[in-house]
Amino acid sequence: MSKNTPKAIRGTQDIFGPDAEGFAFVVETFERVRKLYRFRRAEMPVFEKTEVFARSLGETTDVVSKEMYSFDDRGGESLTLRPEFTAGIARAFLTNGWQQHAPLKLATHGPLFRYERPQKGRYRQFHQIDAEIIGAGEPQADVELLAMADQLLKELGIEDVTLHLNTLGDGESREAWRAALVDYFSAVKGDLSEDSQERLEKNPLRILDSKDRRDRPFLADAPKIDDFLSDEAAAFFDAVTSGLDAAGVKWKRAEALVRGLDYYRHTAFEFIPDEGSASADALGSQSTVLGGGRYDGLIENLGGPATPAVGWAAGIERLAMLVGERVEPPAVVIIVVEDDGRTSEATAALRRLREAGLSSEMIASGSLRKRYDKAVKRSPGTIISLQTEMGHSISGDDSSDPRVFETLPEYK
RNA sequence: GCGAUCGUAGCUCAGUUGGUUAGAGCGCCGGUUUGUGGUACCGGAGGUCGGGGAUUCGAGCUCCCUCGGUCGCCCCA
């Protein structure tokens, strides 16, 4: 590599080989499951006016205040590369009149951008799959959404993660709880970690899942959301949990689970690897594999009508790490050209194989005597070797697809 | 933004208390052997040891700066 070859941007990745196969497997599985649940596909732009995210996520959140990739376009307007899907989907819902389709089940996937220090399972350009139900305020929507997430993880072969579930209540419940937490933690402020003292000002709910030892003694006796839930909010949560039970989705109550973004109300959830599991090891300190919740106020914040909605997103890279490396399937046929005069013959044969839907390639370069060895190393179902004197040899008869010789009877 | 750690061929790594032309395996290219084929052997290409500066007779190895990777904190998928 020359010294003046440009390097990739920090936090971006070039994905290839087994990793790329894992990535594709996640996306393909998501597409399949999403159709099973009748979620409709949507595509949004990767950039929006900055205000779309600033107004949706909350001006004071870290994402908005320091993690957005923002820039001015030539007209001087501030634009931002999407740091998440939900805000853009809400904007699209309003500007395209998708209200007419409500309740609307949507699914999408693609790249997102966040200006952060990269580490295991976290990148500046990362990729998510995403599912939302917009315009449905009933708990059954939460159940539907979570049932889909649960089945997706199962179909990906990820068994050692558990749904951690909480409710943040409605707006009033959440505010009352928040105030009680501030009172409680303020009383012991001096004994809290520096980080949590800061959280007390900015985001007191997050003290609850602090990793600092100094905060732990105070967590167990902290005010519980359940004591502040309105009757309606409690009934809503009951309906969600009983619905999950009916759908066969295993879950675990996580009273300390809160979500970072301001727009969440009622249901909040994360699928987290079980303690000590292989998945927990694979993810390092990035524990959440899929997360989301209900965001009934968001669309109103963007100037639309009051519209309830729930959604989740999951990092494709993180899921791919749990799925493990996936090998590329070998070719059905490899044609080895051991006589350069027969290259055209091989080209014609390949065309017919591919038209018949049989994956195939040829090896026709490099040392003549090593071409066959190269083919063997790629372990195809069948090797057809075109030799001098118009001869040929076949190997792999046992594992050959019968269609190979239906397509190319002359080599049988 | 903060902390830790690493940075030698395309890849994975060796390189002794600093000492002459920097090595291996794999991969790649060519050849020999086996004569019908995933073997073995030989040879070749490929590195200004991340970059810059300092110490020294002499630095891949010591020191400083810088740039990158990785992991962790904050935050988050």
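Computed over heavy atoms, backbone and side chain alike; hydrogens, waters and symmetry mates excluded. Letters go in sequence order (proteins before strands), and every chain restarts at 1.
A cation-pi geometry, defined here as NZ or CZ lying under 6.0 Å from the six-membered ring centre and within 45° of its normal, holds between A:Arg259 and A:Tyr264.
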Please enumerate all protein N or O atoms sitting under 3.5 Å from an N or O of nucleotides 39-41 of chain B, with distances to 0.1 Å.
none

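In this structure, A:Gln128 does not reach the B:A77 phosphate: none of its side-chain N or O atoms is under 4.0 Å from OP1 or OP2. Remark: A:Ser285 is in phosphate contact with B:C73, judged by side-chain N or O atoms under 4.0 Å from OP1 or OP2. Dashed line: the shortest gap from a side-chain N or O of A:Arg378 to OP1 or OP2 of B:G38 is not under 4.0 Å.
Computed from coordinates, the A:Gln13 CD to B:A77 P distance equals 17 Å when rounded to whole Å. Atom CG in A:Leu257 sits about 13 Å away from atom C1' in B:A77, given to the nearest Å. Per the geometry, NZ belonging to A:Lys66 stands 11 Å off P belonging to B:C2, to the nearest Å. Counting to the nearest Å, the P atom of B:C2 and the CG atom of A:Asp212 are 20 Å from each other. Distance A:Leu368 CG to B:C29 P: 13 Å, rounded to the nearest Å. The distance between atom CG of A:Leu205 and atom C1' of B:C76, rounded to the nearest whole Å, is 15 Å.
Note on A:Phe85: nothing from the nucleic acid sits closer than 4.0 angstrom, heavy atoms only. Residue A:Arg117 is classed as a base contact, given a heavy-atom separation below 4.0 Å to a base. Residue contacts for A:Gly284: at a heavy-atom cut-off of 4.0 Å it reaches the sugar-phosphate backbone alone, with no base atom in range. Among the protein residues, A:Glu270 comes within range of no part of the nucleic acid, since none of its heavy atoms lies under 4.0 Å from any strand. A:Arg206 comes within 4.0 angstrom of sugar-phosphate atoms only, judged by non-hydrogen atoms across all strands, and of no base. Using a 4.0 Å heavy-atom criterion, one finds that A:Arg10 contacts the sugar-phosphate atoms exclusively. Nucleic acid contact for A:Val63: none, since no nucleic acid atom lies under 4.0 Å from a heavy atom of the residue. Residue contacts for A:Arg371: at a heavy-atom cut-off of 4.0 Å it reaches no nucleic acid atom on any strand shown.
Mapping A:Gly11 and A:Ser287 onto RNA chain B by nearest heavy atom places A:Gly11 closer to the 5' end of the strand. Toward the 5′ end of RNA chain B lies the nearest nucleotide of A:Pro118, the other residue of the pair A:Arg122 and A:Pro118 mapping further downstream.
A donor-acceptor contact under 3.5 angstrom links the side chains of A:Glu317 and A:His127, judged on distance only. A:Glu338 and A:Ser385 are linked by a side-chain donor-acceptor pair at a separation below 3.5 angstrom, with hydrogens and angles left out of the test.
Residues A:Arg352 and A:Glu410 are paired through a salt bridge, judged by an N-O separation under 4.0 Å between the basic side chain and the carboxylate. Between A:Arg91 and A:Glu48 a salt bridge is recorded (basic side-chain N to carboxylate O distance below 4.0 Å).
Sorted by first and then second residue, the side-chain hydrogen bond (donor to acceptor under 3.5 Å, both in side chains) pairs involving residues 132-150 of chain A (not counting sequence neighbours) are A:Thr86-A:Glu132, A:Lys105-A:Glu144, A:Glu132-A:Tyr295, A:Asp142-A:Thr267, A:Asp142-A:Arg294, A:Asp150-A:Lys154.
Using Watson-Crick or G-U wobble geometry with both donor-acceptor distances under 3.5 Å, B:C28 finds its partner in B:G44. Remark: B:G72 base-pairs with B:C2; criterion is Watson-Crick or G-U wobble with both hydrogen-bond distances under 3.5 Å. Base pairing analysis places B:A14 opposite nothing; no Watson-Crick or G-U wobble pair with both distances below 3.5 Å involves it.
Nucleotides B:G23 and B:C49 place their P atoms 14 Å apart, quoted to the nearest Å. Rounded to whole Å, the separation between the P atoms of B:U21 and B:G7 comes to 24 Å. Rounded to whole Å, the P atom of B:G52 lies 25 Å from the corresponding atom of B:C13. Going from the C1' atom of B:A9 to that of B:C28 covers 12 Å, rounded to whole Å. Spacing of C1' atoms, B:C29 relative to B:G68, comes out at 32 Å, to the nearest Å.
The nucleotide whose nearest atom lies closest to any side-chain atom of A:Lys120 is, among B:G37, B:G72, B:A77, B:G72. Considering only side-chain atoms of A:Lys7, the nucleotide from B:C67, B:C75, B:C73 that sits closest is B:C67. The side chain of A:Lys211 sits closest to B:C74 out of B:U36, B:A77, B:C74. Of the candidate nucleotides B:C71, B:A77, B:G37, B:G37 has the atom lying nearest to any side-chain atom of A:Ser385. Taking the side chain of A:Thr288 as heavy atoms from C-beta on, and the options B:C73, B:A77, B:C29, the nearest nucleotide is B:A77.
Checked by atom type and distance alone, the side chain of A:Gln197 pairs as donor or acceptor with a backbone atom of A:Lys189 at under 3.5 Å. Between the side chain of A:Thr407 and the backbone N or O of A:Arg403, at least one donor-acceptor pair lies under 3.5 Å.
For A:Glu338 and B:G37, a side-chain-to-base donor-acceptor distance below 3.5 Å is present, hydrogens and geometry of angles not being considered. The base of B:C75 lies outside donor-acceptor range of the side chain of A:Arg199, with no N or O pair under 3.5 Å.
Heavy atoms of other residues, nucleotides or ligands lying less than 6.0 angstrom from CZ of A:Phe47 number 12 at most. The local environment of CD in A:Glu172 is sparse, with at most 12 non-hydrogen atoms from other residues, nucleotides or ligands closer than 6.0 Å.
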